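Taking it in order: structure first as structure tokens, then the write-up.
A quick note: this is a predicted structure, and the numbers were derived from the prediction, not measured. When reading the values below, keep in mind they use all heavy atoms of this one structure, side chains included, and skip hydrogens, waters and symmetry mates. Below, chains carry the letters A, B, ... as their sequence lines are ordered, and counting in each starts from 1.
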Amino acid sequence: TDSFDFSRYHTISEIYSFQDMLVAENPNLVSKIVIGSSYEGRPLNVLKFSTGGTNRPAIWIDTGIHSREWVTQASGTWFAKKIVTDYGRDPALTAILNKMDIFLEIVTNPDGFAYTHSSNRMWRKTRKPNPGSSCAGVDPNRNWDSGFGGPGASSNPCSETYRGPRAHSESEVKSIVDFVKSHGNFKAFISIHSYSQMLLYPFGYTKTPAKDQAELHNLAQRAITDLASLYGTRYRYGSIINTIYQASGGTIDWTYEQGIKYSYTFELRDTGRYGFILPANQIIPTAQETWLALMAIMNHTYNNPY
Amino acid sequence: KVTFEGHQVLRILPKDEAQLSLIKNLEEMIEFQVDIWMGVTDVSNPVDVRVPFQSLQFVKIYLEAQNIDYTIMIEDLQVVLDEEQEEMEAAARLAQPRN
């Protein structure tokens with residue numbers, strides 16, 4: 001994986017090969033868990049970074065849940081290499097991995113991602129047909145059983161924010177739900193999107209503040225300060241409903257309600273006017289700056305066990 | 001393959017709450033088939049929408065009639081997507097011997 005070109009966008013098969021190569025190169029640190037399969041039968045691969053122990057407190061990071069947000073899958077690939085490179089070299093990451101596990105799902109919506117390469121670069125949702133409608137796909141960030149079906153999600157299958165027929169109806173979502181529940185010891189859950197440059201915490205479906213709102217807010221502020229220290233990329237931060245808009249059935253509302261305190265959603269850059277079509281030469285700077293914010297959150301999680 | 005010739009991405013700059021709700025209405029007008037890239041949040045933040053070629057005139061008239069400022073963020077989305085594809089293919093060709 002040393003010759004993998006992180007500064008360009010890759011196809012799903014290239015990313016899947018990268019994952020297998022990374023595991024083969026780092027058998028004592030990285031393993032691959034298939035937590036389920038997508039609607040079209042693609043494996044849902046999760047890389048597990050662990051230095052041993054059983055069921056250690058863990059951190060989850062996912063990228064690519066909205067398939068057209070290419071800089072997120074690309075950053076996820078870079079994060080994977082960063083972890084194996086820095087373990088044993090960076091004291092903070094080494095300390096975290098000596099006590100905690102990190103799980104990274106790079107292509108969280110593989111059918112959608114493949115579809116952005118093959119047919120429609122602007123595809124966002126999953127690809128499962130919706131009976132009775134000519135429009136396919138569910139918004140995987142409106143399909144979680146937390147305020148499901150409330151305002152800020154659509155009941156129209158043709159909408160980009162279609163919530164789905166019922167909560168957890170999409171295998172891409174249900175697989176994560178089942179995995180998180182069966183693991184039972186996640187302490188942080190980070191879901192990564194693009195391109196509004198924000199760091200968000202629960203809730204999206206209700207104005208009721210999260211119990212840990214003050215701590216989450218302060219940690220978010222520290223994280224985005226670290227992020228901005230590299231290239232000056234400015235982020236907004238706050239609860240989803242107060243910072244962007246009401247959105248029900250969202251990922252981190254569900255994870256927070258499962259008791260995973262450090263639940264965050266990133267919206268990565270575009271600092272210019274490219275939106276989802278971020279030039280490939282911005283992949284590595286985006287990943288580098290985001291990593292600083294991720295480390296802030298992971299460090300805090302490690303230093304504040306609960 | 002779905003292509004986007006002539007599709008433009010408009011960056012809409014709401015000035016006040018009234019304009020925000022007018023833009024929200026635009027999002028609901030399904031006949032325009034606009035694709036929200038960055039949705040309505042608050043006055044100080046732009047809204048980015050992809051507008052298909054056939055709706056461009058209507059959407060621009062709607063915005064101008066309401067004195068809502070906008071700029072063209074992406075002039076022709078397919079041109080930018082073609083560049084992205086060419087870059088990917090060129091980089092893949094470069095990487096091939098190395099792999």
- Message: So for Ile36(B), is it side chain, backbone, both, or neither that comes closer than 4.5 Å to the heavy atoms of chain A?
- Response: backbone

- Message: Could you go through Asp82(B) and Arg121(A), starting from their C-alpha distance and side-chain angles, then the distance that decides it, and tell me whether this counts as salt bridge (charged side-chain N to carboxylate O under 4.0 Å, His left out)?
- Response: CA-CA 11 Å; Asp82(B) 290 343; Arg121(A) 174 65 176 82; over 6 Å; no

- Item | Proximal component of Trp70(A), with respect to chain B [non-hydrogen, under 4.5 Å] | side chain

- Note on the structure: In this structure, OG1 of Thr161(A) is separated from CD of Glu27(B) (nearest 0.5 Å) by 9.5 Å

- Query: Does Phe53(B) CZ have over 12 foreign heavy atoms under 6.0 Å away?
  - Reply: no

- Atom CG in Asn242(A), atom OG1 in Thr41(B): separation rounded to 0.5 Å? 12.0 Å

- Got a sec: does the CD1 of Ile61(B) have more than 12 other heavy atoms crowding it under 6.0 Å? yes

- Measuring heavy-atom distances to chain B, does Arg124(A) have an atom under 4.5 Å in its side chain, in its backbone, in both, or in neither? neither

- Taking C-beta and beyond as the side chain, do Asp42(B) and Arg236(A) meet within less than 4.5 Å on heavy atoms? yes

- Mind telling me whether Phe276(A) and Trp37(B) have parallel, tilted or perpendicular rings, with 30° and 60° as the class edges? tilted

- Can you measure from CE (Met38(B)) to OH (Tyr195(A)) and round to the nearest 0.5 angstrom? 4.5 Å

- So, the part of Ser159(A) with a heavy atom under 4.5 Å from chain B: the answer is neither

- Taking the side chain as every heavy atom from C-beta outward, state whether Asp35(B) and Arg68(A) have any pair of such atoms under 4.5 Å apart. yes

- Message: Around atom CD of Glu31(B), are there more than 12 heavy atoms from other residues, nucleotides or ligands closer than 6.0 Å?
- Response: yes

- Item | Most chain A-contacting option - heavy-atom pairs closer than 4.5 Å, from Asp48(B), Val9(B), Thr3(B), Asn45(B) | Asn45(B)

- Lys1(B) side chain vs His117(A) backbone, donor-acceptor pair below 3.5 Å: yes

- Please say whether more than 12 non-hydrogen atoms of neighbouring residues, nucleotides or ligands are located less than 6.0 Å from OH in Tyr274(A). no

- Item | Interatomic spacing from CD in Glu83(B) to CD1 in Ile277(A) - rounded to 0.5 Å | 10.5 Å

- Message: Taking side chain as everything from C-beta outward and backbone as N, CA, C, O, which of these in Thr243(A) sits under 4.5 Å from a heavy atom of chain B? Side chain, backbone, both or neither.
- Response: backbone

- Task: Please tell me if the side chains of Glu87(B) and Arg8(A) come closer than 4.5 Å, counting only heavy atoms from C-beta onward.
- Result: no

- Message: Consider side-chain contact (heavy atoms from CB on, under 4.5 Å). Of Ile72(B), Ile74(B), Thr71(B), which one does Arg273(A) pass it with?
- Response: Thr71(B)

